[in-house]
Structures are given as C-alpha cells and as structure tokens.
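Lettering of chains follows the sequences in order, A, B, ..., and the numbering in each one begins at 1.
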2 protein chains.
Amino acid sequence: MTGQVRTVDGRVAGRRGQATRQKLLDCLSEMLSSSPYRDVKVIDVARKAGTSPATFYQYFPDVEGAVLEIADQVAADGAGLAELLEGRSWAGRAGWQTAQELVDGFLDFWKKNDAILRVVDLGAAEGDKRFYKLRMKILNSVNGSLTGAVAELQAKGRVDKDVNPAAVAGSLVTMLAAVASHQKGFTSWGVKQAELKPNLALLVHLGVTGRKPTR
Amino acid sequence: MTGQVRTVDGRVAGRRGQATRQKLLDCLSEMLSSSPYRDVKVIDVARKAGTSPATFYQYFPDVEGAVLEIADQVAADGAGLAELLEGRSWAGRAGWQTAQELVDGFLDFWKKNDAILRVVDLGAAEGDKRFYKLRMKILNSVNGSLTGAVAELQAKGRVDKDVNPAAVAGSLVTMLAAVASHQKGFTSWGVKQAELKPNLALLVHLGVTGRKPTR
DNA sequence: ACTTGTCCTGTCATGACGTCAGCTTACCGA
DNA sequence: TCGGTAAGCTGACGTCATGACAGGACAAGT
C-alpha cells in the first residue's frame with residue numbers, strides 16, 4: 001500500500017532507520033507545541049532527538065517536509081471525524097444531540113493536534129497546495145456529510161431553496177476549526193469552555209436545519 | 001500623543017529616518033504577501049528596501065518586531081469595522097441588510113490585509129500575548145457590537161435565555177475571520193465567492209436573531 | 001573473518017543573524 | 001561661513017544554521 005519509507009538519497013529505510021525517523025518526527029511535534037513555528041530549527045530538533053542535523057536531512061528535505069509528514073498522519077486520523085455524522089439524524093432531539101457530539105468531537109480532535117493544525121492552516125492560507133490539500137482532507141470528512149445533510153433537508157423542503165449547502169457546511173466547519181484554534185480568545189470575552197460548546201452546537205444546528213433545536 | 005519614534009539604540013528618528021523605517025515596513029508587508037512567513041528574512045527585506053540589514057536592526061529588534069508594528073497599523077484601521085454595526089437594526093429587512101453589510105465589510109477588510117492578518121492569527125494561536133492582544137483589538141470592534149445586539153434581543157425575549165451572547169457573537173466573528181482567510185478553500189468545494197457571501201450573511205443573521213431573515 | 005548494505009556523523013562551504021565602530025549627512029546656533 | 005552635534009547608514013565581523021558529502025560504525029548474512 002504505502003511505498004517503502006525512503007531516505008532523501010534513495011535508500012530504503014530499515015528498522016533502525018525508521019525508528020530514528022519517527023523519533024525525529026516526535027521531537028519536531030513537541031517543538032511545534034512549545035515554540036513558534038518560525039523559530040523551529042533543524043539543529044534543535046536533531047539535538048532533542050539525540051542525533052545530528054545531518055541525520056535529519058537524510059530523512060527530510062527540510063523542516064517543512066517533516067511537518068507535512070506529521071500532518072499526513074494527523075489527516076489520516078482526522079478522516080475518522082466522519083463517524084461523528086455517519087447515520088445521524090438532524091430531526092428533533094436527535095438533531096440537537098448530533099450537533100453537540102459534532103462540536104465535542106471536532107474540538108477534541110483540534111485540541112489534541114493544535115500545534116500541527118495551526119501550521120497546516122497557515123500553510124493553506126499562504127497558498128501552499130500541499131498544506132491546502134491536507135487541510136481539505138481533514139475538513140472534507142466532516143464537510144461532505146454536513147453538506148449532504150443540508151442538501152437532504154433542502155430536498156425535503158425543510159430548508160430554503162436559495163441556501164447553498166456546500167457554502168453553509170463549509171462555513172460551519174471552518175468556524176469549528178477556527179474557534180478550536182482560538183479557544184483561549186473566548187475566555188477574555190468572558191466565555192468559559194463549558195459555555196462555548198452548547199452555543200457552538202446551537203449555531204451548527206441553526207445553520208444546518210435553519211431552526212432552533214428542541215432540547 | 002504617540003511618543004516619538006525611536007531607534008533601537010534610543011535615538012529619536014527624524015524625517016529621513018522615519019521614511020526609511022516606513023519603507024522597510026512596506027517592503028516587509030510585500031514580502032509577507034509573496035512568501036511564506038517562515039522564509040521572510042531580514043536580509044531580503046533590507047535588500048528590497050535598497051538598504052542594509054544593519055539599518056533594519058536600527059529600527060526593529062527582529063522580523064517579528066516589525067510585523068507587530070504593521071499589525072498595529074492594521075489594528076488601528078480595523079477599529080473602523082465597528083461602524084458596520086453602529087446603530088443598525090436586526091429586525092425585518094433591515095436586519096438582513098445589516099448582516100449582508102457586515103459580511104461584506106469584514107471580508108473586504110480581511111482580504112485587504114490577509115498577509116499580515118494570518119501572521120497575527122498564527123501568533124495568537126501560538127499563545128503570543130502581543131499578537132493575541134492585537135487580534136482582540138481588531139475583533140473586539142465587531143464582537144462588542146454583535147454581543148450587544150444579541151443581548152438586546154435576548155432582553156426583549158426574542159432570543160432564548162440560555163444563549164450566551166458573547167459566545168455566539170465570538171463564534172460568528174471567528175467564523176468570518178477564518179472564512180476570509182480560507183476563501184480559496186471554498187472554490188474547491190464548488191462554492192463561488194458570490195454565493196459564499198449571502199450564505200455567510202444567513203448564518204450571521206440566524207446566529208444573532210435565531211430566525212431566518214426576511215428578504 | 002569477510003562482505004554488504006544500512007545508518008550515522010564529522011566536516012565543510014555557504015549564507016543569514018545581529019552587533020559595533022566609524023563614516024557620512026543634515027541641521028543649527030554663533 | 002563655519003564648526004558642533006546628533007541622525008543615519010554601512011562594512012566588517014564573530015556566531016550560528018543550512019545542506020551536502022564522504023567515510024566510519026554497525027548489524028546481518030555467508
């Protein structure tokens with residue numbers, strides 16, 4: 001399935017090599033959590049992994065290349081977010097629960113991977129196609145389902161004709177991602193974590209169904 | 001009012017110095033638009049401004065310091081976003097128009113300053129207080145008014161009691177900012193610019209009033 | 001022990017960083 | 001007109017990260 005892991009100079013990596021490679025990725029991940037992206041240096045990652053910069057360059061072209069690798073793993077994990085919406089109903093009380101669980105799951109995922117995700121966000125915003133694609137891969141899992149839900153309700157006449165399902169779904173997903181990235185900002189607006197979630201769920205429910213939830 | 005502009009080593013900057021300083025800021029701004037933040041180097045900015053790196057360091061401690069300066073100017077400009085909501089009504093047709101104009105104004109502002117704003121966003125997400133404060137300064141102008149609008153409707157009983165005005169307003173503002181940053185992402189979801197805006201306005205209207213707009 | 005291929009690092013040229021002393025320019029009062 | 005003074009700029013320098021290479025260390029099979 002996935003082609004063998006290869007070093008930059010074309011050799012196939014063996015067991016030991018793969019371990020070193022992974023260790024470098026882990027250390028890079030940690031560094032991204034603890035220092036600004038701009039200040040993450042190859043030499044620091046290598047030192048932290050107990051190896052030399054030259055070793056780093058054997059496995060990755062540069063910091064960005066390694067970041068893309070991590071992001072790939074996260075994106076694969078993120079595809080599981082689709083389950084949050086698989087076979088869920090948006091009607092009545094069930095709809096309210098669907099919205100709540102979506103918000104919960106999404107925020108958890110984002111929080112767990114916040115460091116790498118904000119780098120992906122930056123790369124995508126800067127127009128880098130590789131980051132852009134990864135961001136899409138993550139968001140699409142949720143966005144597709146959400147678009148489908150809106151379109152379905154629209155077909156049943158329960159949502160206005162002039163609503164664009166993809167636009168609404170995309171905006172909601174983007175909102176969830178951004179709010180997750182800036183949760184701290186809400187505390188200075190006097191909003192606590194616990195209060196934030198139901199209000200987000202409310203917005204999602206309103207956006208998808210056009211109606212207030214029945215709780 | 002504003003204390004005199006000073007060089008890093010404490011001298012006050014005269015006319016010529018201020019011009020050089022501003023030129024450096026302008027060139028930095030351009031570079032932020034054309035290359036990834038991580039790759040913006042002092043030496044490139046200086047070259048572009050037709051001066052030497054040493055001159056750059058006379059006015060700014062580092063690239064980040066200069067970015068903060070630009071962001072300050074943008075934040076001052078962004079305070080004007082409050083006008084988009086000053087004295088507006090959220091009732092009936094007027095409410096729909098308010099939502100539309102808010103979306104329009106916000107997206108325009110973000111697009112005009114996208115390069116610097118995504119750096120501010122990154123800094124804030126990374127927990128840097130200086131960037132965080134600037135982001136707040138920009139968003140507060142809109143968020144305050146929006147929170148007020150929701151709270152007012154809530155007082156009149158037209159919005160549910162258990163809605164947290166600040167949480168809803170903050171989420172909507174965050175959504176606008178994020179969507180503006182990732183407008184390109186929507187095209188790959190098959191959503192055109194022109195379609196995006198009314199759907200965003202719909203979400204804003206729904207969030208603020210809890211009802212569909214009358215158009 | 002010997003070969004083979006993987007894995008790592010010492011070393012080096014290159015180039016960015018950030019500081020400093022010192023040169024040039026502009027302004028101002030005598 | 002002529003210094004004097006402060007502003008403005010840069011060349012030069014030590015330090016450090018980058019990225020490439022060749023060669024040494026190591027494990028595994030023969």
Side-chain angles (χ1 to χ4, degrees), chain A residues 2-32 34-69 119 123 128 130, chain B residues 2-28 30-32 34-69 119 123 128:
Chain A
T2 72
Q4 288 175 312
V5 180
R6 287 182 173 276
T7 59
V8 167
D9 55 338
R11 283 203 290 273
V12 291
R15 229 188 39 254
R16 191 151 76 108
Q18 299 223 13
T20 305
R21 203 183 116 101
Q22 191 57 49
K23 177 152 202 173
L24 284 166
L25 287 178
D26 292 344
C27 291
L28 172 54
S29 241
E30 273 186 62
M31 301 230 56
L32 286 176
S34 59
S35 34
Y37 181 44
R38 203 166 192 284
D39 299 342
V40 172
K41 308 287 180 197
V42 169
I43 197 170
D44 296 320
V45 177
R47 240 199 301 266
K48 190 166 186 133
T51 179
S52 77
T55 300
F56 181 96
Y57 286 107
Q58 198 152 56
Y59 295 104
F60 310 103
D62 49 25
V63 170
E64 208 188 45
V67 165
L68 279 165
E69 199 74 20
V119 175
D128 186 309
R130 298 164 304 169
Chain B
T2 73
Q4 289 173 311
V5 180
R6 287 181 172 276
T7 59
V8 168
D9 56 336
R11 285 204 289 270
V12 291
R15 227 187 41 254
R16 189 151 79 110
Q18 300 224 12
T20 304
R21 204 182 115 103
Q22 190 59 48
K23 177 153 203 174
L24 284 166
L25 287 178
D26 292 344
C27 291
L28 172 55
E30 273 186 61
M31 300 230 60
L32 286 176
S34 58
S35 37
Y37 181 45
R38 202 167 192 286
D39 299 342
V40 172
K41 308 286 180 197
V42 169
I43 197 169
D44 297 320
V45 177
R47 240 198 301 267
K48 191 170 185 125
T51 178
S52 78
T55 301
F56 181 97
Y57 287 108
Q58 200 154 55
Y59 295 105
F60 311 104
D62 49 24
V63 171
E64 208 188 48
V67 165
L68 279 166
E69 200 74 21
V119 175
D128 186 309

**OP:** Look at the side-chain N and O atoms of Thr20(A) and state whether any lies under 4.0 Å from the OP1 or OP2 oxygen of dC8(C).
**Re:** yes
**OP:** Would you check if Leu24(B) and Leu28(B) make a side-chain contact, meaning some heavy-atom pair closer than 4.5 Å?
**Re:** no
Subject >> Nucleic acid contacts - residues 53-60 of chain B versus DNA chain C, non-hydrogen atoms under 4.0 Å >> reply: Ala54(B), Tyr57(B)
Subject >> side-chain hydrogen bond (donor to acceptor under 3.5 Å, both in side chains) partners for Arg38(A), two or more places apart >> reply: none
Subject >> Heavy-atom neighbours of Lys23(B) NZ exceed 12 at 6.0 Å >> reply: no
Subject >> Interatomic distance, Lys23(A) NZ vs dC8(C) P [rounded to whole Å] >> reply: 11 Å
Subject >> Residue met sooner reading DNA chain D from 5', once Arg16(A) and Ser52(B) are mapped to nucleotides >> reply: Ser52(B)
Original post:
What pairs with Ser29(A) under side-chain hydrogen bond (donor to acceptor under 3.5 Å, both in side chains), at least two apart in sequence or on another chain?
Top reply: none
**OP:** Would you grab the first and last nucleotide of DNA chain D (5' to 3') that comes under 4.0 Å of any non-hydrogen atom in chain B?
**Re:** dA7(D) to dG11(D)
Subject >> Comparing Thr51(A) and Arg38(A) on DNA chain C - which has the more 5′ nearest nucleotide >> reply: Thr51(A)
Original post:
What pair of heavy atoms forms the shortest contact from Ala46(B) to Pro53(B), and how long is it?
Top reply: CB-N, 3.6 Å
Original post:
Side chain of Ser35(A), backbone of Asp39(A): donor and acceptor closer than 3.5 Å?
Top reply: no
Acceptor/donor pairs from residues 56-66 of chain B side chains to any protein atom, 3.5 angstrom cut, sequence neighbours excluded:
residue: Asp62(B); atom: OD1; partner: Glu64(B); partner atom: N; Å: 3.4
residue: Asp62(B); atom: OD1; partner: Gly65(B); partner atom: N; Å: 2.8
residue: Glu64(B); atom: OE1; partner: Arg130(B); partner atom: NH2; Å: 2.7

Original post:
Which part of the nucleic acid, if any, lies within contact of Arg15(A), taking any heavy atom under 4.0 Å across all strands shown: a base, the sugar-phosphate backbone alone, or nothing?
Top reply: sugar-phosphate
**OP:** Please name all residues satisfying salt bridge (Lys or Arg N to Asp or Glu O under 4.0 Å) with Arg47(A), sequence neighbours left out, ordered by chain then number.
**Re:** Asp44(A)
